[in-house]
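Here, residue 1 is the first one in the sequence, and each next residue gets the next number.
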Amino acid sequence: MWKPGTLLLLSLLWASGELQQETEQRRLPPPGKLDFGYVPAGVYETLAHYEPGPIGILFQLVRAFLHAVQPNAFPHDLIVKLAKDKFGAIQTEYKKAIYYEIGFLICAAVGLLFAILMPVVGLFFCMCRCCDNCGGEMHQRQRKNADCRRGLLGTLLFSTSLVITIGVLCAYAANQNLSSQVKNIRRLVNSNMRDLHTFANDTPMQIDYLISQYATAKNKVIYDLDNIGPLLGGRIHGQLDKEVHPALNQVLNMAGAMRETKEALENVSVSLVVLQEGERKLHFNLSRIRNSINRTLDDPGCLDEESDATTAQLCRSIRQSLSQLQISANFTRLPDVNPQLEKMKNVVKTDLSSVVHRGFYALNDTPHMVIEQTRAVVMSIQNLVGSVGNNITSFSKVFPVQTCLSNFTIFISHAHAKIEDYYPEIDQIDFYRWIGCIALCCMVVLVLAFNYLGLLCGTLGYDKHASPTTRGCISNTGGTLLIAGVGFSFIFSWVLMGLLTAMFLAGGNMEKLLCEPFHTKELFKVVDSPYLINPEWKNFIPGYLYNDSELELTTESLYSTCKENKGIYSALRLDKVFNISSFLNTTVFTKDVVRQLESFRIDLRGIILLESEGKQNLQDFSEAGLSEINYADFLEEVNKGVTVVDVVSFAKELESQTDLMPRGRLQTALKGHVATLQRIHRQQIAPMEQAMSALNQSMRFLERTASDLPNKVTDVLEAIEAAQHLISHNATLLINQETRKYSATIIGYFNQYIEWVKTSLALEVAPCKPFSNVLDTAQIMTCSFLVDSMNTFWMGLGCSTLFLLPSVILAVKLAKYYRRMDTEDVYDDMEIGNNGYHIESSQGVPNPVMTSVPTYDTMNRFPRASAPPRHIDW
């Protein structure tokens, strides 16, 4: 069943093969992350863990005792050698076996010696008592410390009985624990079977989910192929734009400079006309105002220094300043810029900005060009991707997965049914076992009952005033019960010790050779020993399943992997024994996709960044004659100012001087001249100053523009040529690089899907936790339920049996103080006390001499004594 069962998951390998190897060798950058969701997983209900509860303390004590008895390491080499030789090597390796088992052998020898000697000693003890020896004589010799001895013996016997009771209780608890745990076997088995059914039922659903998730990668691939323009074309455009965009920006800036140059020339032309015309009018008006002021200063008030010296002095000052009222700049000598302006008008007739924008548009149309040039290849790849998906879907039907799982389910059901058939027998066997263990406990309990009843009756019936021959019935019954307990101890103890020794040997060796090595995984190392099960197989599992014993697949690795709830794919190392690529021919499909992707032919030579019209326009701009303008003459005249003196300041000064004159016709005339000067400034000088400012700005702009203009235009044209050469001739390398990245992204989606499938197979699909749970459940039932309980039983009852020895001795000695004697000690010349002891003070001597009585007259002289006391006993 195993061989076809393992094949049901081989179909999960369809995504592996040369595709993965090829992409790993190329080391291409990773694509975007795909989300395949979570593989639907069933819930396994078996909790293969056992907590014994309070009785676990007893289990630990038993293990500690076994470790003290058997501290040797697990005999791995010895067991392997014995197993390989089928125990034929025991004759040569018996010393190692004895050395390992020495602790068990010593304890077993002690137990067997106990079992053999106990009935023999009991027989001789009975014969001895029948001969009135060994405590069988119904005569008790009187001692001074009789009360103390009786109390000590009673205390020791009670303590011993308590120890025996504790041992019996431990054995009873272990017996009950085993019975209660046997009832849990059905629950554990049922949960394991349900988990196996869950495993079989969920596996096809998980496989279907893996197959269905190919659509995620497929849809992403198709999406990227449909958007090859923005993705591949956008990348190419982005890389080209880094080099092309600055060059086009330079041309665009030059187009702006052309417009600004034309505007500056127009401003210069207009300003020059305004300044020349204004200069003519201003010269006429300034001359006339000077003459008017001179005539006004010819007034008699300015000439009469004797009558008004201040006014005369002011008139002289004004007359002297009139020479400053004249034009400073000479704009008539400046040539016009009409030739340059006409050339610039011809230059700007060509809209260089539109030409540049056409270049930008051609560059930005790269994604569309990529779409058009790769349309046929994209359609071919999409068809290939669809074919891969169809083959993947159909491939799952190649292997009879559902049939194998159905057979596996039927096998589980049959196995479960057979196990169910054994439950009544198990319950019956456990019942008989429980009865037997209870019977063994009852043997010791019977002895304990006699001991406790004997102690109770002996203690309650004790009368300190009674002599040994006059003891009461209750006290005598207590002694009789103690002797009865002694008898049953001899009867049962050897049987108990024999059975417990056998249980000790079985349970102890099971703990040391099975349970403990299972926890330390030493047992797996034995099972995984090369050539152990089959001399021709190095490793049994791969040799049996795959006929390849060299494969590193061991019981320990299989168990550990399943223990971690990983997939059976990784647990059984299916990836090493089955190459699904040969079935799906995944490599051919991948190579076809890669070949199609590498067949992209993208030609960007149709992109024209700057047409010849734009280039000629730039040449015309550099030949517009801007360098022929005499910027120094223009700037020299502009910097002189309109007039020699500031007319506004001159008018203010004239007005202040006029205010110092006495009121009259002179002052009024001068006031009129001040108003005329202010009007001239406002109407003529101020517009000329604005025109001069505009002329100054325009000339400085033109001077900057004309500075090294041919070289600037040449640099721009060279940058455009370099960018155009990059697109037309050197873009192939760039296109190939971006195409490889795009191809890596497409192939990367398949790689992600493959890696996700492999990871899911290893960790999530068909998790084999139920199989490790089956082994753990078997270990729990064998070790935790059976072995631990059995070991605790023999240890508890064994301790009780061993303590029967001191119990026998103490009971025999104590019964002498409880039973009614037939004879007692009698003394002459002494006053006998109530307790049978003489009173020394009545004799007056420290050591009174015992009366000598002939032995032949003992019955007449001492009618209640079988023999007189000996002096040595006194």
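Residues L210 and S760 approach most closely at CD2-CB, 3.8 Å, considering heavy atoms. Closest approach of L272 and P335 over heavy atoms only: CD2-O, 3.3 Å. Closest heavy-atom contact between A719 and A247: O-CB, 3.7 Å. The shortest heavy-atom contact between H681 and P687 is O-CD, 4.5 Å. Here the closest non-hydrogen pair linking P246 and D241 is CD-O, 3.7 Å. Across every non-hydrogen atom of A691 and L275, the tightest pair is CB-CD2, 3.8 Å.
For the pair I720 and L618, the minimum side-chain heavy-atom distance is 4.5 Å or more. Side-chain contact between V39 and W756 is present, with heavy atoms from C-beta onward closer than 4.5 Å. Considering only heavy atoms from C-beta on, L265 comes within 4.5 Å of I629 through its side chain. Here the side chains of V274 and Q690 are not in contact, with every heavy-atom distance at 4.5 Å or above. Residues N617 and V355 form no side-chain contact, since every pair of their non-hydrogen atoms from C-beta on lies 4.5 Å or further apart.
To the nearest 0.5 Å, atom CD of residue Q206 and atom CG of residue D208 are 10.0 Å apart. Distance CD/Q752 to CD1/I747: 12.5 Å, rounded to 0.5 Å. Between the OG1 atom in T366 and the CD1 atom in I735 there is a gap of 8.5 Å [rounded to 0.5 Å]. Between the OG1 atom of T759 and the CD atom of E764 there is a distance of 8.5 Å, given to the nearest 0.5 Å. Atom CD1 of residue I680 and atom OG1 of residue T676 lie 6.5 Å apart, to the nearest 0.5 angstrom. M369 contributes atom CE, which lies 11.5 Å from atom CD1 of I371 (distance to the nearest 0.5 angstrom).
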> When you look at S570 and L763, which way does the side chain to side chain contact (heavy atoms under 4.5 Å, CB included) test go after all the steps?
Replying inline: CA-CA 8 Å; S570 59; L763 302 177; 5.8 Å; no
> Given E703 and L635, is the side chain to side chain contact (heavy atoms under 4.5 Å, CB included) satisfied, shown in steps?
Replying inline: CA-CA 10 Å; E703 185 180 24; L635 294 177; 3.6 Å; yes
>> Using the rule given for side chain to side chain contact (heavy atoms under 4.5 Å, CB included), can you reason through L734 versus L240, listing the C-alpha separation, both sets of side-chain angles and the distance that settles it, and then say yes or no?
In response: CA-CA 8 Å; L734 174 62; L240 293 176; 3.4 Å; yes
>> Run the side chain to side chain contact (heavy atoms under 4.5 Å, CB included) test on V370 and H237 for me, step by step, so that the C-alpha distance in whole Å, both residues' side-chain angles and the decisive distance to 0.1 Å come before the verdict.
In response: CA-CA 10 Å; V370 171; H237 171 265; over 6 Å; no
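Qualifying side-chain contact (heavy atoms from CB on, under 4.5 Å) partners for S212, counting only residues two or more places apart in sequence or in other chains: Y209. Residues passing the salt bridge (charged side-chain N to carboxylate O under 4.0 Å, His left out) test with R288, sequence neighbours excluded: none. F701 is linked by a ring-ring contact (aromatic ring centres under 6.0 Å, His included) to nothing, counting only residues two or more places apart in sequence or in another chain. Considering only residues two or more places apart in sequence or on other chains, Q724 meets the side-chain hydrogen bond (donor to acceptor under 3.5 Å, both in side chains) condition with S728. Under the side-chain hydrogen bond (donor to acceptor under 3.5 Å, both in side chains) criterion, D365 pairs with no residue, sequence neighbours left out. Residues passing the salt bridge (charged side-chain N to carboxylate O under 4.0 Å, His left out) test with K218: none are found, sequence neighbours excluded. Every residue two or more places apart in sequence or in another chain that forms a side-chain contact (heavy atoms from CB on, under 4.5 Å) with N346 is listed here: K349. With sequence neighbours excluded, the residues forming a side-chain contact (heavy atoms from CB on, under 4.5 Å) with E372 are H368, R375, listed by chain and number. Listed by chain and residue number, T216 satisfy the side-chain hydrogen bond (donor to acceptor under 3.5 Å, both in side chains) test with Q213 (two or more places apart in sequence, or in another chain).
Pairs of residues two or more places apart, or lying in two chains, never qualify as salt bridge (charged side-chain N to carboxylate O under 4.0 Å, His left out) while including a residue from residues 742-754. Screening residues 249-262 for side-chain hydrogen bond (donor to acceptor under 3.5 Å, both in side chains), with sequence neighbours left out, gives H245-N249, R259-S353, K262-E266.
For the residue pair D620 / Q616, a side-chain donor-acceptor distance below 3.5 Å is found, with atom types taken as modelled. In the model, R700 has a side-chain atom that pairs as donor or acceptor with a side-chain atom of N696 under 3.5 Å.
Classified by interplanar angle (parallel below 30°, tilted 30° to 60°, perpendicular above 60°), the ring pair Y214/Y753 is perpendicular.
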Show me the donor-acceptor pairs, under 3.5 Å and distance only, between side chains in residues 220-231 and residues at least two apart or in other chains.
residue : atom : partner : partner atom : Å
D224    : OD2  : Y749    : OH           : 2.6
D226    : OD1  : Q382    : NE2          : 2.7
N227    : ND2  : Y223    : O            : 2.7

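Checked by atom type and distance alone, the side chain of T745 pairs as donor or acceptor with a backbone atom of K741 at under 3.5 Å. Side-chain N or O atoms of E243 include none that pairs as donor or acceptor with a backbone N or O of A723 at under 3.5 Å.
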